[in-house]
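Okay, so here's the structure we're looking at.
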Amino acid sequence: RTGWINFWISEEENMHAGFIYLVDKHIRTGKKLSAEKYHRIYLDKGMYDSRFEILISRSPIQDPAEAFQDPLHIINSRVGIIAKYNLDKSQNGLLQAVNLNGQILDQYKVTGKGNIEIRGIKSSGLYLFTLVTEEGRFTKKVRINL
């Protein structure tokens with residue numbers, strides 16, 4: 001039926017894993033769960049088999065969407081804008097940061113797994129981050145707040 005659903009951890013005493021996240025595969029996001037706070041989502045009437053997963057980690061995860069094994073994650077923090085790329089060990093790619101007018105603000109050649117600080121973005125707004133490899137193109141649209 002249509003309505004709100006709440007997710008939370010009812011008891012953390014015997015949880016030795018450390019960090020528990022609710023991953024929503026439909027909107028590709030994740031939220032940290034705890035006994036003190038709950039995550040609330042409004043769902044329309046329907047079936048939601050396999051939409052939600054629990055991700056348990058011994059250490060904190062910056063982006064619980066890492067559960068999707070996406071080749072690119074963007075972290076926008078006070079420290080700066082970090083692009084985490086996740087390719088195979090010898091796989092090469094081209095990482096681009098582009099504004100909505102199509103102007104390339106930053107561009108990097110990348111190989112394997114790693115992090116790059118994006119320095120070409122100077123104002124808040126929506127940006128496209130694209131990782132191009134021989135296998136194809138992966139793009140994320142991200143709101144950057146500076």
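For clarity, every value in this text was computed on a predicted model and none was experimentally measured.
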Approximate separation, where rounding is to 0.5 Å, of [X] [atom1] and [Y] [atom2]:
X	Y	atom1	atom2	result
His73	Ile82	NE2	CD1	14.0 Å
Ser77	Asn145	OG	CG	12.0 Å
Lys32	Ile9	NZ	CD1	9.0 Å
Leu105	Ile118	CG	CD1	9.5 Å
His39	Ile5	NE2	CD1	10.0 Å

| Would you say the side-chain atoms of Thr111 and Asn92 include a donor-acceptor pair closer than 3.5 Å? | yes
| query | Do Gln91 and Glu135 meet the criterion of a side-chain donor-acceptor pair at a distance under 3.5 Å? | reply | yes
Listed partners of [X] passing side-chain contact (heavy atoms from CB on, under 4.5 Å), at least two apart:
X	answer
Asp49	Met47
Phe52	Phe7, Leu22, Asp24, Ile41, Leu43
Ser50	Lys25
Lys141	Leu126, Leu128

| query | So which residues get pulled into Tyr38's cluster when ILVMFWY side chains under 4.5 Å apart are joined, directly or through others? | reply | Trp8
| By the rule that ILVMFWY residues connect when side-chain heavy atoms come within less than 4.5 angstrom, directly or transitively, which residues belong alongside Trp4? | Tyr42
Mind checking what makes side chain to side chain donor-acceptor pair (under 3.5 Å) contact with [X], not counting sequence neighbours?
X	result
Asn76	none
Asn115	none
Tyr85	none
Gln103	Asn99

| request: Considering non-hydrogen atoms only, spot the tightest contact between Gly93 and Thr133 and give its length. | output: CA-CG2, 4.1 Å
| query | Do any pairs count as a salt bridge (charged side-chain N to carboxylate O under 4.0 Å, His left out) and have a residue in residues 91-120, sequence neighbours left out, and if so which ones? | reply | Glu117-Arg119
| field | Connected via hydrophobic side-chain network under 4.5 Å: Val132 and Leu95 | value | no
| Can you list the steps and then say if Val98 with Tyr127 is a side chain to side chain contact (heavy atoms under 4.5 Å, CB included)? | CA-CA 6 Å; Val98 179; Tyr127 294 90; over 6 Å; no
| query | Side chains of Leu94 and Leu131: closer than 4.5 Å at any heavy-atom pair? | reply | no
| request: State, with a plain yes or no, whether a side-chain heavy atom of Ile81 is found less than 4.5 Å away from one of Leu146. | output: yes
| field | Qualifying residue for side chain to side chain contact (heavy atoms under 4.5 Å, CB included) with Thr130, from Gln107, Arg137, Lys140 | value | Arg137
| Pair Leu33-Ile54, side chain to side chain contact (heavy atoms under 4.5 Å, CB included): steps then yes or no | CA-CA 9 Å; Leu33 294 178; Ile54 299 295; 4.1 Å; yes
| request: Using modelled atom types only, decide if a donor and an acceptor are shared between the side chain of Thr2 and the backbone of Lys45 within a distance under 3.5 Å. | output: yes
| task | Check step by step if side chain to side chain contact (heavy atoms under 4.5 Å, CB included) holds for Arg51 and Ile27. | result | CA-CA 9 Å; Arg51 175 174 175 170; Ile27 58 173; 4.1 Å; yes
| query | Do the rings of Phe19 and Tyr21 sit parallel, tilted or perpendicular, given the 30° and 60° boundaries? | reply | parallel
